[in-house]
Each structure stands twice: as structure tokens, then as C-alpha cells.
Amino acid sequence: MYFYKILVEFKNKALRYYYFFLLFTIFNSCQYFEKQVPSEKELLQKELKAINWKEVDEYPSFVDCDKLDEKIQRQQCFFDSLTQLIQEKLQLDTLSALYPELDTIEVKVTVFPNSKMQFEPQFPKDSVAYDTIKIDSILHARLINFPKVNPALKQGIPVKTQFILPVIIKVE
């Protein structure tokens with residue numbers, strides 16, 4: 001009986017320490033349940049860094065090219081169709097007769113988010129063999145009334161795109 005009394009007394013002291021330890025752990029563990037939420041600015045900066053701003057998700061396209069399934073095929077269809085349309089419009093003019101040495105013109109094409117298109121001829125810096133202003137005016141006069149173009153998309157938003165397209169004027 002004496003040992004039982006000592007055992008119960010030891011048990012009560014141990015339980016007292018145990019409860020104290022348990023209570024201490026509970027109060028200190030509250031910080032582990034609190035998750036730190038990143039701020040909106042941090043999330044925005046992280047997302048902006050993850051986006052590749054050099055490429056678009058979808059290239060501009062004509063309605064006929066939208067029927068194709070793959071992105072690369074739609075892109076190639078757009079560039080082929082645009083090149084063909086530009087060549088057809090320029091064949092009607094006397095550009096090849098005025099400048100017989102000019103067989104290819106590089107045209108900077110800009111497709112705006114509102115589906116408008118702008119064309120600028122790109123000439124070498126040392127081009128004195130032909131009148132760049134006259135060629136520019138001929139291109140601006142001929143390159144109108146194109147079919148509707150769907151603009152390029154980045155993250156689902158229409159964006160402005162620019163590319164240089166080589167256009168063959170003289171076919172032999």
C-alpha cells in the first residue's frame with residue numbers, strides 16, 4: 001500500500017508535467033497552422049516572369065486557316081496565304097517593269113489587335129538603285145482590301161504582331 005501511494009503521487013506529478021508540456025505545445029503550434037499567403041504583387045511578378053513575351057500562343061490567321069488543327073499548320077497556312085495574296089496584288093502593277101533588277105521585296109507586316117494590317121517595305125540601307133519612296137507608295141496603294149485577319153493571341157488576349165515576309169515580285 002505504501003508503494004501504491006508513492007506510485008499514485010508520482011503519476012500525478014508526471015501527469016501535471018505532461019499537461020503542462022501538452023498545453024505549451026498547443027499554444028506554440030498555432031503558428032504552424034497559419035499559412036503565409038503571398039501578396040498579389042509577388043504572385044503577379046512571378047506570373048509575369050513565367051510568360052514568354054517573345055512568342056505568341058496563337059499566330060494571326062485567316063478564316064480558312066482556322067479550320068486546321070495544329071498550330072504550326074495554321075501558322076504556315078497564314079504565311080502562305082498572305083504571301084500569295086500580296087504577290088497577286090503586286091502582279092497587277094508595273095513594279096517589275098519599273099525595276100527589273102528587283103525580284104524580291106521584304107515586307108514588314110504588322111497585324112494589330114483590331115485586325116488591321118500595315119505593310120512597310122524593308123530596303124537595304126545602301127539601296128540607291130531604285131526609288132524607295134515610289135515603291136513604298138505603290139505597295140501602299142496595292143496592298144489594301146485583304147480578307148479578315150484574326151489577330152495573334154497571347155494568354156487569350158489579342159496582341160500586335162510584326163514579322164518580315166519575303167515577297168517574290170518577278171517569277172521567271
Side-chain angles (χ1 to χ4, degrees), residues 33-172:
F33 295 116
E34 190 177 303
K35 291 185 178 180
Q36 296 204 0
V37 179
S39 70
E40 288 180 26
K41 289 181 181 179
E42 289 174 4
L43 287 173
L44 178 63
Q45 290 302 320
K46 184 178 178 183
E47 193 67 28
L48 287 175
K49 287 179 183 177
I51 295 173
N52 181 2
W53 293 104
K54 301 286 183 192
E55 279 189 35
V56 292
D57 297 336
E58 289 186 37
Y59 284 90
S61 66
F62 291 112
V63 177
D64 294 338
C65 298
D66 284 339
K67 297 172 186 170
L68 299 171
D69 292 331
E70 291 189 32
K71 178 181 174 180
I72 296 171
Q73 289 177 340
R74 282 194 305 267
Q75 175 188 358
Q76 191 61 43
C77 174
F78 173 73
F79 287 133
D80 292 344
S81 300
L82 186 61
T83 303
Q84 182 181 359
L85 285 168
I86 291 173
Q87 287 173 346
E88 286 173 4
K89 289 181 180 280
L90 292 179
Q91 282 178 355
L92 302 174
D93 212 333
T94 59
L95 196 59
S96 59
L98 287 173
Y99 303 100
E101 70 280 355
L102 189 64
D103 61 348
T104 303
I105 294 179
E106 289 187 345
V107 179
K108 182 200 267 183
V109 180
T110 305
V111 180
F112 294 97
N114 61 359
S115 299
K116 301 270 187 216
M117 292 175 61
Q118 179 182 2
F119 302 95
E120 295 177 46
Q122 301 294 300
F123 300 106
K125 301 259 187 251
D126 59 346
S127 61
V128 291
Y130 35 84
D131 187 6
T132 57
I133 296 171
K134 190 170 186 176
I135 294 173
D136 188 38
S137 65
I138 291 171
L139 286 176
H140 283 294
R142 289 291 179 190
L143 299 181
I144 55 173
N145 297 329
F146 276 87
K148 184 179 181 327
V149 174
N150 298 325
L153 298 176
K154 182 69 177 177
Q155 302 284 321
I157 299 171
V159 292
K160 172 182 161 183
T161 52
Q162 290 183 328
F163 47 89
I164 295 179
L165 195 65
V167 178
I168 301 171
I169 295 174
K170 187 186 337 180
V171 179
E172 294 182 18

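Throughout, numbering of the chain's residues begins at 1 and tracks the sequence.
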Test of understanding: with side-chain contact (heavy atoms from CB on, under 4.5 Å), list the residues that count as partners of Leu44, not counting sequence neighbours. Leu48
With a 6.0 Å cut-off on ring centres, are Tyr59 and Phe163 close enough? no
Looking only at heavy atoms, the pair that brings Pro60 and Ala152 closest together is CD-CB, 3.7 Å
Determine, step by step, whether Asn150 and Glu58 satisfy the side-chain contact (heavy atoms from CB on, under 4.5 Å) criterion, reporting the C-alpha distance in whole Å, the side-chain angles of both residues, the deciding distance to 0.1 Å, and the verdict. CA-CA 10 Å; Asn150 298 325; Glu58 289 186 37; over 6 Å; no
How many angstroms lie between atom CD1 of Ile105 and atom CD of Gln122, to the nearest 0.5 angstrom? 11.0 Å
So CD of Gln84 and CZ of Phe79: to nearest 0.5 Å the spacing works out to 15.5 Å
Looking at Gln155, I'd like to know if its CD atom is crowded, meaning that more than 12 non-hydrogen atoms belonging to other residues, nucleotides or ligands lie closer than 6.0 Å. yes
Donor + acceptor pair across side chains of Asp80, Gln76 (<3.5 Å): yes
Between the CE atom in Met117 and the CG atom in Leu85, the distance rounded to the nearest 0.5 Å is 8.5 Å
Of all heavy-atom pairs linking Asp57 and Gly156, the shortest is OD2-N, 4.4 Å
Might you point out which heavy atoms bring Lys160 and Thr110 nearest each other, and give the distance in Å? CE-CG2, 3.7 Å
Heavy-atom pair of closest approach, residues Leu82 and Phe62: N-CE1, 3.8 Å
Are more than 12 heavy atoms from other residues, nucleotides or ligands located less than 6.0 Å from atom NZ of Lys71? yes
For the CD1 atom on Ile144, are there more than 12 heavy atoms of other groups (residues, nucleotides or ligands in this structure) within a distance under 6.0 Å? yes
Any Lys116 side-chain heavy atom under 4.5 Å of Gln118 side chain: no
Closest heavy-atom pair and its distance - Lys154, Glu55: NZ-O, 2.8 Å
Heavy-atom nearest pair, Ser115 first then Val149, reads OG-O, 2.8 Å
